[in-house]
Number of protein chains: 2
Amino acid sequence: MPVSIRKPRNRYHHGDLRRALVTATLQILEDHGPEGFTLREAARRAGVEHHSAYRHFADSAAILAAAATAGYAELRDAVAGTLDGMLDDDPDAVERLLAIAREYVAFAVRRPALYRLMTGPRLNESARFEELEEVIGQAYARVQAEITSGIAARQLDRDLDVVEATLTLWAALHGLASLVVMRRIKVRRDQLAAFTNRVVGHTIRGFTRG
Amino acid sequence: MPVSIRKPRNRYHHGDLRRALVTATLQILEDHGPEGFTLREAARRAGVEHHSAYRHFADSAAILAAAATAGYAELRDAVAGTLDGMLDDDPDAVERLLAIAREYVAFAVRRPALYRLMTGPRLNESARFEELEEVIGQAYARVQAEITSGIAARQLDRDLDVVEATLTLWAALHGLASLVVMRRIKVRRDQLAAFTNRVVGHTIRGFTRG
DNA sequence: ACCTGAACACCGTTCAAGT
DNA sequence: ACCTGAACACCGTTCAAGT
């Protein structure tokens with residue numbers, strides 16, 4: 001008979017089944033793409049009977065929403081990290097927006113299946129998921145703040161509509177990332193940053209001078 | 001006993017089951033979105049036992065690919081029709097590219113579920129579907145031709161890389177259409193054309209002047 | 001509180017016939 | 001040639017227990 005340990009680990013997930021299911025979902029996405037996800041497979045990888053997932057999520061869409069939320073948080077942090085890392089050099093607004101673009105596209109290429117989930121039809125009725133909407137809003141707000149301060153610094157056209165410019169950049173980033181991830185645009189990895197600079201540069205150039 | 005008619009209509013689909021399945025698929029998309037499609041539901045709407053679909057399609061992805069092919073053909077024709085309709089007035093390249101943009105976004109808004117199918121993850125391994133790739137290529141080629149002649153007419157920057165400019169515009173169109181269709185950007189319908197002009201205008205302005 | 005287990009109505013795909 | 005029908009291994013979700 002084995003010596004019993006104090007902390008009862010035999011309950012297996014110790015209340016972390018929620019996290020385990022999200023982790024399993026992210027793994028499934030990497031292994032089999034967004035279409036490979038099933039609630040049952042996630043439960044299988046987490047080592048529990050599939051019905052257990054309903055203790056932590058309303059339905060299978062809620063698990064995907066949680067994975068997408070983690071993805072947007074990573075994207076938001078990657079963008080913020082890059083911008084914060086540039087603070088010392090204080091480059092101009094165009095450079096900072098290009099840095100956002102490179103980071104955004106790099107994220108999509110780094111996690112293609114997760115990116116497709118985050119922007120794909122399975123999250124269509126995502127208004128249900130507050131936390132997801134919030135973290136998307138945070139990522140968006142960071143981009144808008146950069147454009148706002150670029151205008152204030154007179155490095156972008158002072159007549160620019162901030163909201164519309166942010167949406168324009170967002171659309172350009174998503175469009176490019178999406179086409180690259182879907183392999184409709186083929187770029188070598190070591191060319192990706194330069195390619196992103198040139199493509200998004202066209203749009204950002206449209207933001208300068210009146 | 002009913003009078004027999006010469007043409008044996010009782011075979012029900014007369015060999016048009018393929019078309020009937022694609023039509024049914026397009027209807028399902030309109031009714032329930034891209035996630036609502038199942039092979040069995042398409043067969044049900046076409047009035048046949050579900051297995052009959054395998055006589056005409058390799059698998060369920062092939063039915064979706066056929067629906068997407070029809071969608072890209074419609075998009076290609078809509079864009080071409082708009083451009084051809086402008087021939088008399090001979091407007092400049094910027095105006096013609098904006099017309100493409102408005103038509104593209106209008107198509108996506110007109111057929112949101114079809115658009116999401118056409119650009120979504122379910123068509124990921126679309127390289128299998130020759131006809132689909134071909135019709136996408138045709139739509140793409142029409143856009144590239146406009147940019148090429150815009151450069152020749154000195155209305156766009158002569159140093160523009162035609163391929164990269166086309167990819168840039170394509171990304172801008174897809175990004176905008178996608179965000180609108182996914183309801184991440186909310187625009188009133190009667191504002192959509194003007195909004196598209198302003199958003200894509202930023203990018204196209206990046207194509208002008210050296 | 002958290003997880004199991006059986007059941008239900010689906011799904012795509014394969015095998016074997018029917019006409 | 002084209003469609004049916006039964007079967008198989010899945011799926012998400014619900015109901016009812018188990019500890």
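Since this is a predicted model, take the numbers as computed values, not measurements. Below, each value reflects all heavy atoms present in this structure, side chains not excepted, and no hydrogens, waters or symmetry copies.
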Item to check | Residue pairs passing the salt bridge (charged side-chain N to carboxylate O under 4.0 Å, His left out) test where at least one lies in residues 160-173 of chain A, sequence neighbours excluded | outcome: A:Glu164-B:Arg198

Not counting sequence neighbours, which residues clear salt bridge (charged side-chain N to carboxylate O under 4.0 Å, His left out) with [X]? List them please.
X        : answer
A:Asp59  : A:Arg128
B:Arg205 : none
A:Arg102 : none
B:Arg40  : none

Next on the checklist: Just to be sure I understand: a Watson-Crick pair is purine N1 to pyrimidine N3 plus N6-O4 or O6-N4, both under 3.5 Å. Using that and G-U wobbles, which stems of three or more pairs involve DNA chain C?
Outcome noted: C:4-8 with D:12-16, C:12-16 with D:4-8

Below 3.5 Å between N/O atoms, which protein atoms pair up with nucleotides 15-19 of chain C? Just atom names and distances, please.
residue, atom, partner, partner atom, Å
C:dC15, N4, B:His51, NE2, 3.2

Item to check | Which residues share a side-chain contact (heavy atoms from CB on, under 4.5 Å) with A:Tyr140, sequence neighbours left out | outcome: A:Gln144, A:Val163, A:Thr166, A:Leu167, A:Trp170

Item to check | With sequence neighbours excluded, residues passing side-chain hydrogen bond (donor to acceptor under 3.5 Å, both in side chains) with B:Glu103 | outcome: B:Thr82

Checklist entry - Among all residues two or more places apart in sequence or in another chain, which pass the side-chain hydrogen bond (donor to acceptor under 3.5 Å, both in side chains) test with B:Tyr104? => result B:Tyr115

Checklist entry - Where along residues 25-37 of chain A does a heavy atom come under 4.0 Å from DNA chain D, residue by residue in number order? => result none

Would you tabulate the side-chain donor-acceptor contacts of residues 69-78 of chain B under 3.5 Å, counting partners in other chains and residues two or more places apart, or write 'none'?
residue, atom, partner, partner atom, Å
B:Thr69, OG1, B:Ala65, O, 2.7
B:Tyr72, OH, B:Met118, O, 3.1
B:Glu74, OE1, B:Arg111, NE, 2.9
B:Glu74, OE2, B:Arg111, NE, 3.0
B:Glu74, OE2, B:Arg111, NH2, 3.2
B:Arg76, NH1, B:Gln138, OE1, 2.4

